[in-house]
2 protein chains.
Amino acid sequence: MRQVPVQDSCLVERMRYYIDIDDANEALLRGLEKDEVSYKSRVKLHLQEKNTNLYILKTGWLYRYTDLPDNRRQVLRVHFPGDIVGLTDVAMEETIGDTMTASDVVLCPFPKRSMDVIFRQSPRLTALIFSLGMLEEAILLDRITMIGRSSALRRVTNYLLEIHSRLRTHTDDATFNSFEMLLTQEVIADALGLTNVSVSNAFGQLELDGKIIRNRKVITIVDPEKLKKELDFKDRYFRIDTSWFPSH
Amino acid sequence: MRQVPVQDSCLVERMRYYIDIDDANEALLRGLEKDEVSYKSRVKLHLQEKNTNLYILKTGWLYRYTDLPDNRRQVLRVHFPGDIVGLTDVAMEETIGDTMTASDVVLCPFPKRSMDVIFRQSPRLTALIFSLGMLEEAILLDRITMIGRSSALRRVTNYLLEIHSRLRTHTDDATFNSFEMLLTQEVIADALGLTNVSVSNAFGQLELDGKIIRNRKVITIVDPEKLKKELDFKDRYFRIDTSWFPSH
DNA sequence: CGAGAAATTGAGGCCAATCAAGAAGTGTGG
DNA sequence: CCACACTTCTTGATTGGCCTCAATTTCTCG
């Protein structure tokens with residue numbers, strides 16, 4: 001993964017993936033991202049307690065989860081670099097779950113109130129942020145289908161494809177098919193409504209079938225396109241409909 | 001359920017539940033809702049094929065779903081009167097699933113492109129629509145938790161509470177605790193990743209335990225607040241954080 | 001190198017799926 | 001208003017996949 005110069009905006013980069021951004025809008029976005037906070041791997045973040053901030057995830061992975069009464073846990077969503085963390089919470093008075101880092105991360109906080117600046121000054125950015133929110137929703141819808149109606153093996157396979165697909169919007173390499181898996185099998189299990197045992201078995205099966213190759217934390221999907229066809233996996237995450245966007 | 005005069009806007013009514021709306025914004029919203037289309041119960045809607053429209057659900061219930069390869073089905077979300085149908089699809093070039101009516105319904109279509117008019121003219125409505133989208137997302141997050149980590153009985157109970165909670169935003173009666181269930185047990189099953197058999201058993205159990213009373217299609221939750229406490233049900237759907245909203 | 005975390009492997013049990021048959025409810029046409 | 005067909009719901013017996021519990025191995029990182 002290539003090193004991003006400090007003065008580069010992760011958010012701008014992510015958004016340019018989808019639309020053109022003029023100078024005024026770029027300035028607007030850069031204004032959001034001026035602070036930076038770093039955290040170690042596998043720590044709980046208490047940032048959201050007052051729910052007044054949003055965060056842009058600059059580097060690393062993190063996930064949101066809720067603890068359940070019976071000592072279980074449900075992982076709600078995983079975030080990758082360039083994601084806006086906490087969009088859902090904008091609408092709510094309380095946040096929807098706790099946050100934990102899956103690796104060392106760098107976050108850029110900005111106040112919820114900044115959203116209204118964007119809403120007032122740039123219909124175009126508004127449309128994009130709105131669409132990114134809807135895209136996250138589409139991811140959830142797919143996960144519901146995954147969890148509701150598939151075997152453990154299918155859930156895990158689908159999830160790998162989801163991660164593969166989402167990471168691809170952060171790289172220029174169209175042919176990339178391996179990535180470092182920063183989630184433990186237990187986190188994956190908690191995301192898919194399984195146990196670590198089932199996840200381990202599924203990985204073993206996938207390897208046995210020659211669908212993936214594992215080397216330490218690095219997972220290589222042997223033939224992503226073929227696998228997507230087999231599972232009828234809809235690759236929705238790399239493209240949005242910008243045809244209706246306001247021009248500035 | 002009280003009869004709404006024809007000239008009333010279902011969307012305006014729904015939005016006034018959350019925020020004040022001035023005359024200019026009301027006119028903006030009413031402009032969206034001028035057409036009306038009616039459909040019979042239990043028919044598939046082919047409206048979304050070109051994915052150029054959004055719809056406001058004026059009366060009745062409908063649901064979105066996807067068919068799976070192995071002849072199963074996953075219900076993704078259910079919509080009640082006042083809901084905006086297809087918000088998620090705004091971001092996508094293709095829609096995320098098919099639509100079926102659960103009862104006779106009346107829909108008000110308006111083109112996707114109208115969204116940009118709102119985005120340009122009213123930051124305040126933009127913030128609200130954005131928040132309503134995020135609210136729908138919160139519903140999905142809760143459903144993921146429901147499906148991922150609960151027994152059949154808990155899933156069904158939680159789902160009844162969700163419906164109860166969501167319907168409450170459409171009525172003035174703070175004490176209402178019964179509603180006509182317009183979904184078949186098979187639809188509920190497909191929403192929760194269960195079979196109709198499990199759903200039937202769960203309903204039977206709930207009745208036996210005195211948690212609900214059934215009379216034809218009408219379900220009465222004996223003590224909603226108590227049940228919510230028991231299940232640690234977070235009632236998120238009746239309130240949003242409007243503190244950061246632009247004033248017009 | 002050593003301690004703790006993560007992953008693997010195996011045995012046994014349970015919940016919900018599946019299959020199936022019958023009852024109850026719903027809607028339609030005569 | 002009733003008869004009939006069809007859908008929906010209920011109930012029971014059997015099966016299977018995933019969970020639970022537990023022991024061991026492998027990995028990670030100070």
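Just so it is clear: chains get the letters A, B, ... in the order the sequence lines come, proteins before strands, and each one is counted from 1. The structure presented is a predicted model; accordingly, all values stated were derived computationally and were not measured. For the numbers below, each heavy atom of this structure counts, side chains included, while hydrogens, waters and symmetry mates do not.
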CD of E94(B): more than 12 outside heavy atoms within 6.0 angstrom?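 No, CD of E94(B) has 12 or fewer neighbouring heavy atoms, counting only those of other groups under 6.0 Å.
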Looking only at side-chain atoms of [X], point me to the closest of [options].
X	options	result
T184(B)	dT8(C), dC9(D), dG25(C)	dC9(D)
V197(A)	dC21(D), dC18(D), dT8(D)	dC21(D)
S198(A)	dA16(C), dC18(D), dT8(C)	dC18(D)
S200(B)	dT20(D), dT10(D), dA7(C)	dT10(D)
K217(A)	dC18(D), dT28(D), dA7(C)	dT28(D)

Between [atom2] of [N] and [atom1] of [X], the distance in whole Å:
X	N	atom1	atom2	answer
L153(B)	dA17(C)	CG	C1'	17 Å
M181(A)	dA6(C)	CE	C1'	14 Å
R149(B)	dT20(D)	CZ	P	8 Å
E186(B)	dC9(D)	CD	C1'	11 Å
F203(A)	dA7(C)	CZ	C1'	11 Å
Q205(A)	dT9(C)	CD	P	11 Å
R72(B)	dA16(C)	CZ	P	15 Å
D70(B)	dT18(C)	CG	P	9 Å

Any carboxylate oxygen within less than 4.0 angstrom of a Lys/Arg side-chain nitrogen, looking at R77(B) and D83(B)? no
Quick one: do K229(A) and D223(A) make a salt bridge, cutoff under 4.0 Å? no
Between [X] and [N], does any side-chain N or O lie under 4.0 Å from OP1 or OP2?
X	N	value
R214(A)	dA7(C)	no
Q185(B)	dT10(D)	yes
T195(B)	dA16(C)	no
R42(A)	dG4(C)	no

To check you understand the geometry: which heavy-atom pair defines the closest contact between D190(A) and R149(B), and what is its length? OD1-NH2, 2.7 Å
Does the ring centre of F176(B) sit less than 6.0 Å away from the ring centre of H164(B)?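 Ring centres of F176(B) and H164(B) closer than 6.0 Å.
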